[in-house]
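Presented below is the structure to which this report refers.
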Protein chains: 2
Amino acid sequence: MSAKITLKDISRNLNISISTVSRALKGHPDISEETREKVMRLAALMDYEPNTYAISLRTNKSNIFGIIVPEISNFFYHSFISAVEEESKKIGFSLLILQSGNDPLVEAENIRLCRLNRVAGVLISVAASSKDMSRYQKLEENGVPIIFFDKVPDVDACNKVCLADEDAAVLAATALQKKGKQHILAIFGHPDISITQKRKLAFINAMEKNKQAKLIIAHAGSSRESFEITKTAFLASQQPDAVFCMSDEILTGTMKAMQLLKINIPNDTGIISISNDDFIPHLYEPEITYIETSGYQLGKLAFERISDYMSGKKFYRELILPSKLVEGNSL
Amino acid sequence: MSAKITLKDISRNLNISISTVSRALKGHPDISEETREKVMRLAALMDYEPNTYAISLRTNKSNIFGIIVPEISNFFYHSFISAVEEESKKIGFSLLILQSGNDPLVEAENIRLCRLNRVAGVLISVAASSKDMSRYQKLEENGVPIIFFDKVPDVDACNKVCLADEDAAVLAATALQKKGKQHILAIFGHPDISITQKRKLAFINAMEKNKQAKLIIAHAGSSRESFEITKTAFLASQQPDAVFCMSDEILTGTMKAMQLLKINIPNDTGIISISNDDFIPHLYEPEITYIETSGYQLGKLAFERISDYMSGKKFYRELILPSKLVEGNSL
DNA sequence: ATGAAAGCGCTAACAA
DNA sequence: TTGTTAGCGCTTTCAT
């Protein structure tokens, strides 16, 4: 265990004070060019690396962002984290990644970990949306910016970056109408989660314009359920002429049923989904037409917001990432 | 910004010394039951949270593991990270996650970040496998255990946890032979990467036993390429009666071609792959028969190894995670 | 059983 | 331009 080089070592070697070394290393204007050079050279030579703990202890901040998500193993959060990681790296920040498993207790513990690690900021997709903000409060009180993303509290006084959930559903509905679909199976997620409610409401509203279209609304809590729902619907006497899938998870179930029943897409039936980036839609042939709600883009946006916050722009606001239609050949 | 409670605050309140408080809080045997009680209660009441930076500065260690992977957005690494996160949480450790983007320079920078953050250990899948261990050396010199996983250096004196790559290929070959497949399209990854070479060699060797089987070997650097290869092979006069896909990425391309050509699985042709966990194989109908090489399991194994190392078991060794055949209905 | 004091490595106010 | 000094919050040795 080769002892770590410290400022003291350098100062001793050069016969100057520790503070001069410290200042020289960080380009303080007071230091003479000559000294600066000298210090820099020796520091490089000795392989000096600052002790981040001492710095953090002293300055009371760190170069780490905390990210709390329900689960890492999820396309959406995955893309989000990836984007934030890319940006953070550029400004010399690292990521502390925590999974809440959708459990408010674990989430509370994760928040505590963020505090303990004195993270410079927190990006969080909440486990259970509620109006109770107390568990997040302590962070902001300590001056730690907290940016909520995707699943956010139902409260105004906080920073949020969200997907245009309603918008995505409306875009899908519009696309279906343009194709003149008349008998649509629409599969949404678990009825209790807020994103389901938002998308369902917006979708149905947008569909109202087309009174004569027959709409079958279903809820699937898993890919498996969506498989079953789709199978049943297409085994019925009158087959739907289009399926709308609210998410990738649902889409995968539906597509499995399509394969099983050997349904020809888009001739027998059209498919449209709301998907995170292009991964799942591109898995199939023909490729799926989908409304993109990009975790990756949202990550970039969240990073922007937290950067702004840290550089002093401390107002609260909600940023919305627009959705867009990506044409495949499935509709 | 409500000021953080420190040991000093507690000691002042109780009119005892800081050291007594410190000791009481961590259950030092010297402290009287009475004092301990008193301190504990007040600490809880005041919402005391130790300053991890001060602790780390003092003790020169942290409660953070560093994980360096080529990319987070990859099933395999994803599962791996997930598993390590779960285990780490149990012992109060967090994860610093870094992406190398397969760039040795970025990797070096990531390693530096791990050192700077005084991580308690590093789990790394290397960007470019070589015999040059110097860039990893400094960590171990500082007493930081480093566990290589999946893509590991070609050197004995280090700790590795690996998948049974050869074994997986052999299992696949055996399964194909059992089904009496005679005309097999085997698609491997990019010829330069080591895992391709290992799997290819093992697969071909295992296939040798069945001289009369016709083997078409192909290499695909992407899902798209595997799609093209499969399409071409099945458009030829004599169709293969089975396809072996070396990875999930390749499998997705192959399956897209299957859908395009409306090939019936397993009647027209059988499919078998080497896959990470069950996600991709379960996307299709029928579900794909695959050899499982689990990133999740590997994560658990890596965590075990690093725990062992930290509790004093400091020998070098290579741990191999066995592969196993998971039967779907595609072969 | 408790306290005093030193010091981990660094920054920054103040002095010179 | 440089040095001195006083901490940041904690652990730990050495006294008591």
Side-chain angles (χ1 to χ4, degrees), chain A residues 1-40 42-43 46-63 92 115-120 142-144, chain B residues 1-40 42-43 46-64 92 115-120 142-143:
Chain A
M1 160 125 75
S2 73
K4 271 259 151 204
I5 304 300
T6 69
L7 292 186
K8 204 203 273 184
D9 299 322
I10 300 182
S11 72
R12 233 186 339 231
N13 242 282
L14 255 29
N15 254 314
I16 55 180
S17 78
I18 295 182
S19 35
T20 303
V21 176
S22 169
R23 285 190 274 245
L25 248 19
K26 55 173 48 173
H28 190 110
D30 277 1
I31 300 297
S32 74
E33 179 58 23
E34 193 199 337
T35 315
R36 214 177 58 77
E37 276 276 289
K38 211 168 54 177
V39 171
M40 290 294 216
L42 185 61
M46 295 179 86
D47 229 358
Y48 169 74
E49 281 176 349
N51 183 323
T52 45
Y53 287 126
I55 296 176
S56 294
L57 175 59
R58 190 55 234 259
T59 61
N60 210 18
K61 46 173 144 339
S62 78
N63 280 257
R115 271 204 316 278
L116 286 189
N117 285 297
R118 299 289 194 282
V119 298
N142 287 17
V144 179
Chain B
M1 157 125 78
S2 73
K4 271 257 151 206
I5 303 300
T6 69
L7 292 187
K8 205 203 275 184
D9 299 322
I10 300 183
S11 72
R12 230 180 347 226
N13 241 282
L14 255 29
N15 253 312
I16 55 179
S17 78
I18 296 182
S19 25
T20 303
V21 177
S22 168
R23 283 189 275 244
L25 248 19
K26 54 174 46 173
H28 190 110
D30 276 3
I31 300 298
S32 73
E33 180 57 22
E34 192 199 337
T35 314
R36 213 178 58 78
E37 275 277 288
K38 208 168 55 178
V39 171
M40 289 296 217
L42 185 62
M46 295 180 84
D47 230 357
Y48 168 75
E49 281 176 350
N51 183 321
T52 46
Y53 287 126
I55 296 176
S56 293
L57 175 59
R58 189 54 235 253
T59 61
N60 209 21
K61 43 172 138 359
S62 77
N63 280 259
I64 297 181
R115 271 206 313 281
L116 287 189
N117 285 296
R118 298 289 193 284
V119 298
N142 288 18

Between [N] and [X], is there an OP1 or OP2 to side-chain N/O distance shorter than 4.0 Å?
X	N	answer
A:Ser32	D:dT2	yes
B:Thr59	C:dC8	no
A:Thr20	D:dG3	yes

Partner set under salt bridge (Lys or Arg N to Asp or Glu O under 4.0 Å) for B:Arg115, not counting sequence neighbours: A:Glu49

Write out a two-atom table: protein N or O, nucleotide N or O from nucleotides 13-16 of chain D, distance below 3.5 Å.
unit_1, atom_1, unit_2, atom_2, d
D:dT13, O4, B:Arg23, NH1, 3.2

For DNA chain C, the residues among residues 46-56 of chain B that have a non-hydrogen atom under 4.0 Å from it: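 Heavy-atom contacts with DNA chain C come from no residue of residues 46-56 of chain B; none.
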
Non-neighbouring partners of B:Asp47 that pass side-chain hydrogen bond (donor to acceptor under 3.5 Å, both in side chains), sequence neighbours left out: A:Lys138

Any pair counted as salt bridge (charged side-chain N to carboxylate O under 4.0 Å, His left out), so long as it reaches residues 17-26 of chain A, sequence neighbours left out: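 Residue pairs passing salt bridge (charged side-chain N to carboxylate O under 4.0 Å, His left out), neighbours aside: none found.
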
Qualifying salt bridge (charged side-chain N to carboxylate O under 4.0 Å, His left out) pairs with a residue from residues 11-21 of chain A, counting only residues at least two apart or across chains: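 Checked against salt bridge (charged side-chain N to carboxylate O under 4.0 Å, His left out) - neighbours excluded - the pairs reaching residues 11-21 of chain A are A:Asp9-A:Arg12.
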
Please list, chain by chain and in numerical order, all residues satisfying side chain to side chain contact (heavy atoms under 4.5 Å, CB included) with [X], sequence neighbours excluded.
X	value
B:Glu33	B:Arg36, B:Glu37
A:Thr52	B:Leu116, B:Asn117
A:Ile55	A:Pro50, A:Thr59

Under 3.5 Å side-chain donor-acceptor pair for B:Thr20 and B:Ser17: yes

